[in-house]
Amino acid sequence: MLEKLKKLKVNIGWKSIVLIGVCVALVLVDLLTKIFEERDGWNFIVIRNFLEVASGSRNPGCAFSFLAEATWGQIFLIVVTFIMLILLVGFFIVLPERFIILKVAVAMVAAGAIGNLIDRIAYREVRDFVELNMFGNMTSCNFADFWIVLGAVLAVVDLLFLNEWAVFPLTKSAKAAQAKRKEEEEAKKQAVATSEVPQEEDKQTEVKDEHPEDENKQDNEENG
């Protein structure tokens, strides 16, 4: 395990730097909308009974008000968020640049986590103002929640269908990468197989060399 960790390399190129900037921008969008919502008291309907803006909603828990009533809920959520961010940052750093879609997903999830984490630390609750109809009920959320959900969906789609390790590859690049990897694996197996054959022959030769007298006796018996 430690040997595998030592082999991990930092992969921060210009694409990653751009995504870090995007992550910062998404955090600012989330925080600014919360500030303006509080200051101006936003209340309007985008799509009736589906998407509405209602100022003043606060959530001391997480999704669907989970842990809202628990006295230890905020501390628990803050600790979990910090751990998640550490893992996300580490994954983002070692993930190769060619996995750009997955890096975008990680940046979006991290931005949402940071936005809500700031709320939890500053206000001991999350400022929600977007009312969204989910499963027949209007649920309060914010832009940070949107970043997390969109990032998670993007990561799942990429892992299932798009990147070179996709479970069900649909893109030409993913299919080509998997075909190339299979060819390399077959080549390695053949190389191992061919290297084992001489070893077996060497062992047989060694056995013969260890018992030359037996071979001479057998030859004499045959000649006799």
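Given the structure is predicted, the values throughout are model-derived calculations rather than measurements.
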Legend entry - Pairwise side-chain contact, Met84 with Leu87, heavy-atom cut-off 4.5 Å (strictly under): no
Inset, instruction - Please round to the nearest 0.5 Å and tell me the distance separating atom CD1 of Ile148 and atom CG of Leu26. - result: 11.5 Å
Inset, instruction - Please examine the side chains of Asp128 and Thr139, heavy atoms only from C-beta on, and report whether any two atoms are closer than 4.5 Å. - result: no
Inset, instruction - Could you grab the distance from atom CD of Glu186 to atom NZ of Lys182, nearest 0.5 Å is fine? - result: 9.5 Å
Legend entry - Under 3.5 Å donor-acceptor, Asn133 side chain and Asn49 backbone: yes
Legend entry - From Phe76 atom CZ to Arg120 atom CZ, the distance as rounded to the nearest 0.5 Å: 11.0 Å
Inset, instruction - Treating Ile, Leu, Val, Met, Phe, Trp and Tyr as nodes and any side-chain heavy-atom pair under 4.5 angstrom as an edge, say whether Leu150 and Leu51 lie in one connected cluster. - result: yes
Legend entry - Pro169 versus Ala174, closest heavy-atom pair with distance: CB-CB, 3.8 Å
Inset, instruction - Check whether Ile121 and Ile86 end up in the same hydrophobic cluster, where Ile, Leu, Val, Met, Phe, Trp and Tyr are linked by side-chain heavy atoms less than 4.5 Å apart. - result: no
Inset, instruction - Report yes or no: do Ile17 and Phe91 belong to one cluster of Ile/Leu/Val/Met/Phe/Trp/Tyr joined by side chain heavy-atom distances under 4.5 Å? - result: yes
Please report, to 0.1 Å, the donor-acceptor pairs under 3.5 Å made by any side chain of residues 154-163, with sequence neighbours excluded.
from: Asp158; atom 1: OD1; to: Asn163; atom 2: N; distance (Å): 3.4
from: Asp158; atom 1: OD2; to: Asn163; atom 2: ND2; distance (Å): 3.1
from: Asn163; atom 1: OD1; to: Trp165; atom 2: N; distance (Å): 2.6
from: Asn163; atom 1: OD1; to: Ala166; atom 2: N; distance (Å): 3.2

Inset, instruction - Verify, without hydrogens or angle tests, whether Glu37 (side chain) and Gly56 (backbone) share a donor-acceptor contact under 3.5 angstrom. - result: yes
Legend entry - Sidechain-backbone polar pair: Trp42 side chain, Phe129 backbone, donor-acceptor under 3.5 Å: no
Legend entry - Test side-chain contact (heavy atoms from CB on, under 4.5 Å) applied to Trp147 and Val27, step by step: CA-CA 9 Å; Trp147 308 151; Val27 173; over 6 Å; no
Legend entry - Heavy-atom side-chain contact between Phe146 and Val130 under 4.5 Å: yes
Inset, instruction - Indicate the atoms forming the closest heavy-atom contact of Met108 with Gly151, along with that distance. - result: CB-CA, 4.0 Å
Legend entry - Hydrophobic cluster identity match, Phe143 and Val153, side-chain contacts under 4.5 Å: yes
Legend entry - Identified side chain to side chain donor-acceptor pair (under 3.5 Å) partner of Arg127 from the options Asp119, Thr33, Asn116: Asp119
Using a 3.5 Å cut-off and no angle test, enumerate the donor-acceptor pairs between side-chain atoms of residues 93-107 and protein atoms at least two apart in sequence or in another chain.
from: Glu97; atom 1: OE1; to: Gly13; atom 2: N; distance (Å): 3.4
from: Glu97; atom 1: OE1; to: Lys15; atom 2: N; distance (Å): 3.3
from: Glu97; atom 1: OE2; to: Ser16; atom 2: OG; distance (Å): 2.2
from: Glu97; atom 1: OE2; to: Lys103; atom 2: NZ; distance (Å): 3.3
from: Arg98; atom 1: NE; to: Glu164; atom 2: OE1; distance (Å): 2.8
from: Arg98; atom 1: NE; to: Glu164; atom 2: OE2; distance (Å): 3.4
from: Arg98; atom 1: NH2; to: Glu164; atom 2: OE2; distance (Å): 3.3
from: Lys103; atom 1: NZ; to: Asn11; atom 2: O; distance (Å): 2.8
from: Lys103; atom 1: NZ; to: Ser16; atom 2: OG; distance (Å): 2.6
from: Lys103; atom 1: NZ; to: Phe92; atom 2: O; distance (Å): 2.9
from: Lys103; atom 1: NZ; to: Leu95; atom 2: O; distance (Å): 3.1

Legend entry - Presence of salt bridge, Arg58 and Glu38, under 4.0 angstrom: yes
Inset, instruction - Kindly indicate, with the supporting measurements, whether the criterion side-chain contact (heavy atoms from CB on, under 4.5 Å) is fulfilled by Glu52 and Val46. - result: CA-CA 5 Å; Glu52 302 177 3; Val46 180; over 6 Å; no
Legend entry - Under the salt bridge (Lys or Arg N to Asp or Glu O under 4.0 Å) test, residues paired with Asp30 that sit two or more places apart: Lys34
Legend entry - Atom pair CE/CG of Met138 and Leu132 - distance to nearest 0.5 Å: 7.0 Å
Inset, instruction - Output the distance between atom CD (Gln74) and atom OG1 (Thr81), rounded to the nearest 0.5 Å. - result: 9.0 Å
Legend entry - Test item: Asn59 side-chain N/O and Val126 main-chain N/O as donor-acceptor pair under 3.5 Å: no
Legend entry - Distance, nearest 0.5 Å, that separates OG of Ser55 from CZ of Phe36: 13.5 Å
Legend entry - Test side-chain contact (heavy atoms from CB on, under 4.5 Å) applied to Ile114 and Leu85, step by step: CA-CA 8 Å; Ile114 293 170; Leu85 283 172; 3.9 Å; yes
